[in-house]
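Accompanying notes for the structure given below.
Computed from heavy atoms alone, side chains included, the values below leave out hydrogens, waters and symmetry copies. Worth saying up front: this structure is predicted, and the values here are computed from it rather than measured.
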Amino acid sequence: MRRFTLPQYGLALTTLGLLTAGPAHADLDQVRFGVSPWPGVTVKTEIAAQLLDAMGYRTEQKELAVGVILNGLANGQLDAYLGNWYPVQQEMTEPLLDSGRLAHAAANISNANSGLVVPSYVHEAGVDSVADLDRYRDRFDGKIQGIEAGTGINDAILKAIAENKAGLGDWQLQESSTAAMLAYAGQKIADHEWVTFVGWEPHWMNVNYDLYYLKDADDSGVADIVSTVWTLVPGDLKRQDANLYRFFSQYRVDIADQNDWVYQYSHEERPADEVASEWIHGHEATVAKWLEGVTAKNGKPAIEAVRAEFAN
């Protein structure tokens with residue numbers, strides 16, 4: 001996906017010792033998910049788990065640091081991870097993929113965008129790329145609203161300022177918490193004032209605000225950052241359980257759907273299981289596509305088992 005670590009992709013402080021040791025893949029009646037503590041991954045995993053539960057699998061979700069999840073998958077202590085973000089996690093993952101210990105079942109999110117954004121009314125007034133910002137410096141007060149200090153995107157913005165990329169040499173980065181940045185931006189948008197800040201998807205900001213992702217300019221590296229999120233499984237999962245592997249290979253999520261999941265779970269603070277079950281109830285056509293050719297543990301089509309489970 002992108003080159004930068006954003007705040008909702010921070011690592012949980014968990015050690016490998018918290019994983020329950022056991023034989024590789026138990027018997028695959030059980031599916032053990034590693035879950036990095038990011039809203040999108042949380043709900044995405046909950047939806048997959050509810051579908052697999054309806055199909056007759058037993059599921060377990062463990063919130064863990066990314067490094068612990070990778071080791072757990074490679075060592076047979078976990079069976080799936082739905083948040084393998086590229087290129088952020090690429091360096092960590094590639095050696096295990098190259099050795100065959102891990103495999104990518106599918107790109108469950110494709111073409112996710114991140115970088116500097118402006119409200120749509122600012123874009124309509126003439127701000128299309130990073131190079132346009134300096135033309136309207138006074139409207140922005142020469143300030144870019146950033147997130148937590150030390151994050152990759154902040155560092156890239158500071159580098160662009162230091163190197164005077166796209167005319168940003170005399171701009172200032174206002175580092176803050178993600179919540180504070182979005183509160184500030186939200187107030188500016190409510191007042192129809194000009195503001196540029198760090199945006200990314202999937203995230204609830206894309207539901208709450210009408211935003212435009214700026215195009216990059218002068219190779220600044222602060223916009224137009226495209227990312228991919230992979231489903232990561234043990235290298236031998238396809239051989240161990242081809243049916244389960246087929247489900248994971250077909251579980252591909254629309255960014256707009258995950259934006260909505262994150263909005264419901266993170267912004268409106270609804271429980272992940274409620275968000276997941278409500279979404280499954282209302283999107284049978286998408287679920288049927290994910291389950292095409294997949295069977296439940298009793299040998300019947302998986303979609304029939306899901307319909308029965310979510311009938312009421």
Side-chain angles (χ1 to χ4, degrees), residues 12 14 16-36 41-84 89 92-93 95-109 229-253 272-273 276-277 280 286-310:
T14 314
L16 185 58
L18 294 182
L19 285 171
T20 302
H25 309 302
D27 57 8
L28 288 195
D29 285 333
Q30 182 184 37
V31 181
R32 298 158 296 176
F33 288 95
V35 186
S36 45
V41 178
T42 298
V43 182
K44 183 163 49 182
T45 303
E46 178 64 30
I47 288 174
Q50 289 192 20
L51 294 175
L52 290 171
D53 285 338
M55 292 160 56
Y57 288 91
R58 292 178 294 111
T59 64
E60 183 178 6
Q61 301 177 47
K62 299 172 183 284
E63 185 173 297
L64 301 163
V66 173
V68 180
I69 291 172
L70 299 185
N71 285 331
L73 290 166
N75 295 329
Q77 298 169 316
L78 294 172
D79 304 297
Y81 173 45
L82 304 182
N84 188 212
Q89 298 170 13
M92 303 170 65
T93 308
L96 294 167
L97 291 169
D98 291 343
S99 69
R101 298 179 70 188
L102 299 182
H104 280 151
N108 63 67
I109 293 281
V229 186
W230 293 92
T231 297
L232 194 62
V233 297
D236 62 351
L237 180 63
K238 189 173 184 178
R239 176 175 58 82
Q240 292 284 336
D241 191 329
N243 185 64
L244 179 61
Y245 183 89
R246 177 163 186 158
F247 166 69
F248 284 131
S249 72
Q250 296 175 174
Y251 186 46
R252 299 170 185 263
V253 177
D273 59 339
S277 60
I280 292 169
T286 300
V287 172
K289 187 174 181 180
W290 291 341
L291 298 180
E292 184 177 345
V294 178
T295 59
K297 295 297 286 184
N298 63 9
K300 295 182 179 180
I303 188 60
E304 294 182 8
V306 170
R307 285 173 180 154
E309 179 69 20
F310 291 89

Donor-acceptor contact present, side-chain Arg246 to main-chain Glu292, <3.5 Å: yes
Determine whether Ser277 and Gln50 make a side-chain contact, defined as any pair of heavy atoms from C-beta on separated by less than 4.5 Å. yes
Can you name the closest pair of heavy atoms from Ala49 and Gln61 and give their distance? CB-NE2, 3.5 Å
Within-4.5 Å side-chain heavy-atom neighbours: Lys300 and Thr295: no
Working to the nearest 0.5 Å, report the span between OG of Ser36 and CD1 of Ile69. 5.0 Å
For Phe33, is the NZ or CZ atom of Lys62 found under 6.0 angstrom from the centre of its six-membered ring and inside 45 degrees of the ring axis? no
Gap separating the OG1 atom of Thr59 from the CG atom of Asp53, nearest 0.5 angstrom: 3.5 Å
Quick one: pull up CD in Glu60 and CG in Leu78 and give me the separation to the nearest 0.5 Å. 8.5 Å
Ignoring hydrogens and geometry, is there a side-chain-to-backbone donor-acceptor pair from Arg101 to Asp98 under 3.5 Å? no
List the atom of Ala296, the atom of Ala305, and the distance in Å for their closest heavy-atom pair. CB-CB, 3.9 Å
I'd like to know whether Val31 forms a side-chain contact (heavy atoms from CB on, under 4.5 Å) with Phe248, so could you lay out the CA-CA distance, the side-chain angles of the two residues, the decisive distance to 0.1 Å, and finally the verdict. CA-CA 11 Å; Val31 181; Phe248 284 131; 4.2 Å; yes
I'd like to know if Lys44 pairs up with Glu46 as an ion pair, taking the criterion as any Lys NZ or Arg NE/NH1/NH2 lying under 4.0 Å from an Asp or Glu carboxylate oxygen. no
Side-chain heavy atoms of Asn84 within contact of Val66, under 4.5 Å: no
Test item: side-chain donor near acceptor, Thr45 and Tyr81, under 3.5 Å: no
Is it true that a side-chain atom of Gln89 and a backbone atom of Gly83 form a donor plus acceptor pair closer than 3.5 Å? yes
Of all heavy-atom pairs between Val43 and Ala272, which one has the smallest distance, and what is that distance? CG2-CB, 4.5 Å
Do Asp236 and Tyr245 come close enough that some side-chain heavy atom pair is under 4.5 Å? no
Evaluate side-chain contact (heavy atoms from CB on, under 4.5 Å) for Leu52 paired with Leu244, printing each intermediate quantity in order. CA-CA 9 Å; Leu52 290 171; Leu244 179 61; 3.7 Å; yes
Do Arg58 and Asp29 sit within salt-bridge range, that is, some charged N less than 4.0 Å from a carboxylate O? no
Under a 4.5 Å cut-off applied to non-hydrogen side-chain atoms, are His104 and Leu232 in contact? yes
Just wondering, do Asp79 and Val233 contact through their side chains at under 4.5 Å, heavy atoms? no
Measure from the side-chain N and O atoms of Gln250 to the backbone N and O of Trp290, and report whether any donor-acceptor pair falls under 3.5 Å. yes
Given the rule in the side-chain contact (heavy atoms from CB on, under 4.5 Å) test, do Asn108 and Trp230 qualify, once you have shown the distances and angles that lead to the verdict? CA-CA 6 Å; Asn108 63 67; Trp230 293 92; 5.6 Å; no
So, does Asp241 use its side chain to make a donor-acceptor pair with the main chain of Asn243 at under 3.5 Å? yes
Contact between Tyr251 and Ile47 at the side-chain level, heavy atoms closer than 4.5 Å - yes or no? yes
Determine, stepwise, if the pair Val35 / Thr42 fulfils side-chain contact (heavy atoms from CB on, under 4.5 Å). CA-CA 6 Å; Val35 186; Thr42 298; 4.2 Å; yes
What are the two closest non-hydrogen atoms of Leu73 and Ala80, and how far apart are they? CD2-N, 3.3 Å
Would you say that Ile280 contacts Leu51 through its side chain, given a criterion of any heavy-atom pair below 4.5 Å between the two side chains? yes
